[in-house]
Amino acid sequence: KILGAGGYFGLLRINGDAYPWLAIEKRSGAAGWRLTSPSILGDSYRLQSSSDLQSWQPVESQSASGCFVEFLLPDGAPRRFYRVERVPAP
């Protein structure tokens, strides 16, 4: 983890994707955490979590509406590893 302004930031590269990072920060003025990753407008992305970096479970999916896709986690969310995966078009 690298401590950044307002939260912790981690680097992540998935299957050679051109968008290699996932920013994690504490939400100011609200409960929970914000996970943000660059995206391509209109593409779908899936947030996944793991306790061991081996088995990954889907948490939430979203379609990108801009340059970044954002996922929100509540304060009570378990400590886990997170990654974002771009979902291939059907």
Looking at every heavy atom in both [X] and [Y], which two are closest together, and how far apart are they?
| X | Y | value |
| --- | --- | --- |
| Ser63 | Gly42 | OG-O, 3.6 Å |
| Ser39 | Val69 | OG-N, 3.5 Å |
| Arg46 | Pro58 | CD-CB, 3.9 Å |
| Leu41 | Gly66 | CD1-N, 3.5 Å |
| Ala64 | Ile40 | CB-O, 3.4 Å |

Nearest 0.5 Å, please: how far is [atom2] in [Y] from [atom1] in [X]?
| X | Y | atom1 | atom2 | value |
| --- | --- | --- | --- | --- |
| Glu60 | Leu73 | CD | CG | 8.0 Å |
| Arg80 | Ser51 | CZ | OG | 4.5 Å |
| Gln57 | Gln48 | CD | CD | 8.5 Å |
| Ser37 | Arg86 | OG | CZ | 10.5 Å |
| Leu47 | Leu22 | CG | CG | 7.5 Å |

query = By salt bridge (Lys or Arg N to Asp or Glu O under 4.0 Å), which residues pair with Glu70, not counting sequence neighbours?
reply =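 Salt bridge (Lys or Arg N to Asp or Glu O under 4.0 Å) check on Glu70 returns Arg34.
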remark   = With sequence neighbours left out, the residues meeting salt bridge (Lys or Arg N to Asp or Glu O under 4.0 Å) with Asp52 are none
Taking the side chain as everything from C-beta on, heavy atoms only, tell me whether [X] gets closer than 4.5 Å to [Y].
| X | Y | result |
| --- | --- | --- |
| Tyr82 | Leu35 | yes |
| Glu85 | Tyr45 | no |
| Thr36 | Phe71 | no |

query = Quick one: hydrophobic cluster around Phe81, which other residues, with the 4.5 Å side-chain cut-off, linked directly or via members?
reply =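 Traced through the cluster, Phe81 reaches Leu53, Trp56.
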